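Every value quoted in this text rests on a predicted model; they were computed, and no experiment measured them. For this chain, numbers begin at 1 and follow the sequence in order. First listed ligand is number 1; within each ligand, the first listed atom is number 1.
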Amino acid sequence: MLLSISTSVALLSTLAPLALAHNHIDEIWANGVHYPGFSPNNPDLPYPSDTPGWYTTNLGGNPLYPVDANQNQIICAKGGSPANISAPLPAGTILRGKWWQGSGWPVSHHGPVIDYIAAYNADPTQLKFVKIAQRGWINNSTYDEGYWASDELIADDSSWNIKIPTGLKAGKYVVRTEIIALHLAHLGTGAYSTNGAEFYPQCINVQVSGTGTKTITGGVDARTFYRGDEPGLFFSNLHDTPNHADYVIPGPAVWSGATTRRSFTA
Ligand SMILES: *[C@@H]1O[C@H](CO)[C@@H](O)[C@H](O)[C@H]1NC(C)=O
Ligand SMILES: *[C@@H]1O[C@H](CO)[C@@H](O)[C@H](O)[C@H]1NC(C)=O
Ligand SMILES: *[C@@H]1O[C@H](CO)[C@@H](O)[C@H](O)[C@H]1NC(C)=O
Ligand SMILES: [Cu+2]
């Protein structure tokens, strides 16, 4: 569509700060051992690379929308392909990811942070995930929209700690961690709409060790997590009040085998 120059400039100046602020998991720590993340912004980076972060073609760390919720890209981001190494760590320890792209997670992008895990499969459409942690609205401090999991992430060096369930059976797994930004959720128009909540998934390979016996049961395809019309995504009053105690985190229930040190709800 042709736009007048003044309209284009106005659109650019509105969109550019948000677009530039988007980021990806740039650094990973597995039980304290550091790895680089996969950088979608470096076109020279070979695939596969020596990072446990999955490869993605999502240049610029752009968001997915409800329209993507039943598409392959919701699983492990656009063009998601498996990492060629897995970060070793014992069950019950912490996998940590830092969201970065010149700067940290944008404060405007308030919303929940949700973690999933699946037994490894090189084909993302075969991954059956269980939810191992979720955190949404926290309290009514600091911002007009209140204080959210994304704000807690920003306060922790734009990073998020994911506890690998205690007693999880040794083996190779894919962790899927995700931030959902709600600042434009009021623009959603229902299930699978092209506007609305923004999804930022990232997959990371881990090699879990230990003598645990817990196997993943009841996992589901990430393409069934969300629709876009559930209350935690189709959300009209984020900017109206800092009080969102009734916020319902979207997606499946937390797995009975999860042992997170974060509270499951706010
Ligand atoms: C991962 O891929 C890179 C090439 O991009 C290669 O140099 C490296 O040896 C591979 N690592 C493993 C463990 O296969
Ligand atoms: C809100 O939550 C944050 C993060 O947990 C905490 O640091 C802060 O003290 C809380 N503020 C209030 C007013 O409860
Ligand atoms: C925040 O919540 C407390 C109760 O927990 C309430 O007293 C206070 O008025 C609220 N602040 C705002 C700005 O809504
Ligand atoms: Cu955004």
Side-chain angles (χ1 to χ4, degrees), residues 11-25 28 30 33 35-68 73 77-78 81-88 99-113 120 122 137-151 153-154 158 172 178-188 193-202 204-207 228 233 235 237-247 265-266:
L11 267 177
L12 275 177
S13 57
T14 313
L15 297 174
L18 287 175
L20 290 174
H22 287 153
N23 47 47
H24 60 278
I25 290 206
I28 295 165
V33 178
Y35 299 85
F38 180 77
S39 172
N41 308 299
N42 181 354
D44 299 326
L45 203 63
Y47 173 76
S49 297
D50 278 318
T51 162
W54 278 44
Y55 172 88
T56 156
T57 57
N58 181 17
L59 302 186
N62 293 324
L64 300 171
Y65 293 97
V67 69
D68 302 299
Q73 56 266 30
K78 194 176 171 195
S81 310
N84 77 332
I85 65 167
S86 300
W99 294 83
W100 198 261
Q101 190 151 294
S103 58
W105 188 253
V107 72
S108 58
H109 285 40
H110 302 283
V113 182
Y120 182 79
W137 179 79
I138 295 171
N139 62 43
N140 67 4
S141 76
T142 317
Y143 302 109
D144 291 345
E145 294 83 1
Y147 198 84
W148 290 77
S150 59
D151 301 305
L153 179 150
I154 292 169
S158 208
K172 190 169 171 181
E178 175 178 61
I179 308 175
I180 302 178
L182 298 172
H183 57 300
L184 299 176
H186 57 282
L187 301 180
S193 61
T194 50
N195 282 321
E198 298 183 346
F199 301 88
Y200 299 86
Q202 168 78 52
I204 301 169
N205 279 358
V206 291
Q207 182 74 44
L233 296 173
F235 191 65
N237 72 340
L238 178 75
H239 304 287
D240 299 346
T241 169
N243 296 296
H244 296 285
D246 57 352
Y247 180 72
T265 55

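Distance check for atom 7 (O) of ligand 3: every protein heavy atom is found at 4.0 Å or beyond.
Asn140 ND2, 4.7 Å is the protein heavy atom nearest to atom 9 (O) of ligand 3. Nearest to atom 5 (O) of ligand 1 among the protein's heavy atoms is Pro48 O, 1.9 Å. When only non-hydrogen protein atoms are considered, atom 13 (C) of ligand 3 lies nearest to Pro242 CG, 4.0 Å. For atom 12 (C) of ligand 1, the closest non-hydrogen atom of the protein is Asn84 ND2, 3.3 Å.
With hydrogens and angles disregarded, no donor-acceptor distance shorter than 3.5 Å links the side chain of Asn58 to the backbone of Ala77. Judged purely by atom type and a 3.5 angstrom limit, Ser86 has no side-chain atom pairing as donor or acceptor with the backbone of Asn205. Under a 3.5 Å cut-off, the side chain of His24 and the backbone N or O of Ser39 do not form any donor-acceptor pair.
The Cu ion (ligand 4) has an N, O or S atom of His109 inside 2.8 Å of it.
A donor atom on one side chain and an acceptor atom on the other are not found under 3.5 Å apart for Asp144 and His239. In this structure, a donor-acceptor pair under 3.5 Å is absent between the side chains of Asn23 and Trp105.
The two residues Trp100 and Ser158 have their closest heavy-atom pair at CE3-CB, 4.3 Å.
Glu198 has its closest N, O or S atom to the Cu ion (ligand 4) at the position named OE1.
When heavy-atom distances to ligand 3 are checked against a 4.0 Å cut-off, Asn243 comes that close only through its side chain, counted from C-beta outward.
For ligand 1, the atoms lying closer than 4.0 Å to a non-hydrogen atom of Ile85 are 13 (C).
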**Request:** Applying side-chain contact (heavy atoms from CB on, under 4.5 Å), run through Asp50 and Asn84 and close with a yes or a no.
**Result:** CA-CA 6 Å; Asp50 278 318; Asn84 77 332; 3.9 Å; yes

